[in-house]
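Encoded as structure tokens, the structure appears first; notes follow it.
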Amino acid sequence: MEELATKLLAEGIQKKVVSPGKGDLSTFPDGTKVIFHYRSSLCDGTVLDDSRTMGGRSKPMELILGKKFKLAVWERVIATMREGEVADFTCDVKHTALYPLVSQSLRNISAGKDPLEGQRHCCGIAQIHSHHSLGHCDLDKLQANPQPLVFTLELMEVLTPGSFRLDIWAMTDDEKLEVVPQIHVEGNALYKKGDVKEAAEKYHNAIACLKNLQMKERPGDEGWIKLDLMITPLMLNYCQCQLIQGQYYEVLDHCSSILSKYEDNVKAYFKRAKAHAAVWNETEARADFAKVVELDPSLGSSVAKELRAMEERIRSKEKEEKGRYKSLFSYDSNAPATATTG
């Protein structure tokens, strides 16, 4: 361990073990997946990021070694840790210059945004030396004045290559195509069990795989259309989950997008009609339900049931509103008069 600490010091990294881990030190071959919590701080103790609180939730970082992660020092120091270990690593500026960009991506991810949102299409060093704002005052200050940082890491789990499914970003194009049918099946199984939220996440991941591939094709070309035909049923399944979870406007957007390309997609009309009905768009809902019956008369009874349910909700709402207006304008004739002054 002393020899390891000496090597780190020579590289401009000072390690302090806060809590020792268990077992032997892994060899960490390329392709190893490490799951860890991190806290990034200035040397005066000011916290920049904390995976336990970022985005209002506790979500550890997942990293696959050997994939050229932008902040190479994290891979270097993790290779000195045992599972369960907590340690502070004080790293020289040469290791931390790109942290503002990494932090921006991590913050975007925690907020549900594109991790590259706000970053220019140039290399990291060029961005560091530009005057481009990262959208966060603390990161802009750090970008303008690079300094040593302290990374407090807790290594939660080490997974050997081949013992886990790769994250989408780490897959080859062929691997993405191969994994989509499997994710689709997993999503269907979760939906049948009633795990709608988890099913939606599966469908979303499969869609992300295919959209990533589709971005490499020219819109309208054979390859692009083939991928789009794979995306559409997944998107409809995702919309079904979102309907159940009350995300009606998202369903309206996705179904309208499908119908702009495939005008005879009955399922898209049906789901959009239900979403319109849920947000009181009666005219639009009736038009979509009528289109469903026109395209597939066998769904007439299902449409009639949905229309009855919508009409019942409308009557109930109107009755409630009448009662509210009645109480608003009613008064007690026996109430004593109140003197007023002009």
*Decide yes or no on salt bridge (Lys or Arg N to Asp or Glu O under 4.0 Å) for D288 and K271, but give the supporting numbers first.*
CA-CA 9 Å; D288 278 352; K271 295 181 195 306; over 6 Å; no

*Run the side chain to side chain donor-acceptor pair (under 3.5 Å) check on Y262 and D228 step by step: do they pass?*
CA-CA 11 Å; Y262 309 107; D228 207 57; 2.6 Å; yes

*Give the intermediate values and the outcome of salt bridge (Lys or Arg N to Asp or Glu O under 4.0 Å) for residues K202 and D195.*
CA-CA 11 Å; K202 290 288 185 181; D195 297 332; over 6 Å; no

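Scored by the salt bridge (charged side-chain N to carboxylate O under 4.0 Å, His left out) test, R286 finds E282, E311 as partners (sequence neighbours excluded). Partners of T27 by side-chain contact (heavy atoms from CB on, under 4.5 Å), not counting sequence neighbours, listed by chain and number: P29. Not counting sequence neighbours, the partners of K274 by the side-chain contact (heavy atoms from CB on, under 4.5 Å) test are L243, F270, F289, E306.
Placement of L106 and F89 within a single hydrophobic cluster is found when ILVMFWY residues are connected by side-chain heavy-atom separations under 4.5 Å, directly or transitively.
Between A275 and Y248, the shortest heavy-atom contact is CB-O, 3.7 Å. Nearest approach of F151 to C91, heavy atoms of both residues: CD1-SG, 3.8 Å.
Judged purely by atom type and a 3.5 angstrom limit, N265 uses its side chain to pair as donor or acceptor with the backbone of A268.
Using cut-offs of 30° and 60° on the angle between ring planes, the pair W74 and F69 is parallel. Ring orientation note: the planes of H204 and Y238 are tilted relative to one another, at an angle of 30° to 60°.
Salt bridge status for R315 with E318: absent, with no side-chain N to carboxylate O gap under 4.0 Å. Between D221 and K226, none of the side-chain N atoms (NZ, or NE/NH1/NH2) sits under 4.0 Å from a carboxylate O, so this pair counts as no salt bridge. Look at D24 and R82 and you find no salt bridge, because none of the NZ, NE, NH1 or NH2 atoms lies under 4.0 Å from a carboxylate O. Ion pair R76/E11 flagged as a salt bridge, since at least one NZ, NE, NH1 or NH2 atom sits closer than 4.0 Å to an Asp/Glu carboxylate oxygen. Under 4.0 Å is where a charged nitrogen must lie from a carboxylate oxygen, and between E85 and K15 at least one such pair does. Between D30 and K67 there is no salt bridge, since no side-chain nitrogen of the basic residue lies less than 4.0 Å from a carboxylate oxygen of the acidic one.
Using a 4.5 Å cut-off on side-chain heavy atoms (C-beta onward), L210 and I207 make no contact. In this structure, L234 and V180 have side chains that are in contact, with non-hydrogen atoms separated by less than 4.5 Å.
Atom-to-atom distance recorded for E312:CD and L307:CG is 13.5 Å, nearest 0.5 angstrom. One finds the SG atom of C209 at 13.0 Å from the CD atom of Q214 (value rounded to the nearest 0.5 Å). Atom OG1 of residue T46 and atom CG of residue D138 lie 9.5 Å apart, to the nearest 0.5 angstrom. In this structure, CZ on F36 lies 3.5 Å from CD1 on I78, to the nearest 0.5 angstrom.
A side chain to side chain contact (heavy atoms under 4.5 Å, CB included) with I13 is found for one member of T90, D92, L8 and no other, namely L8.
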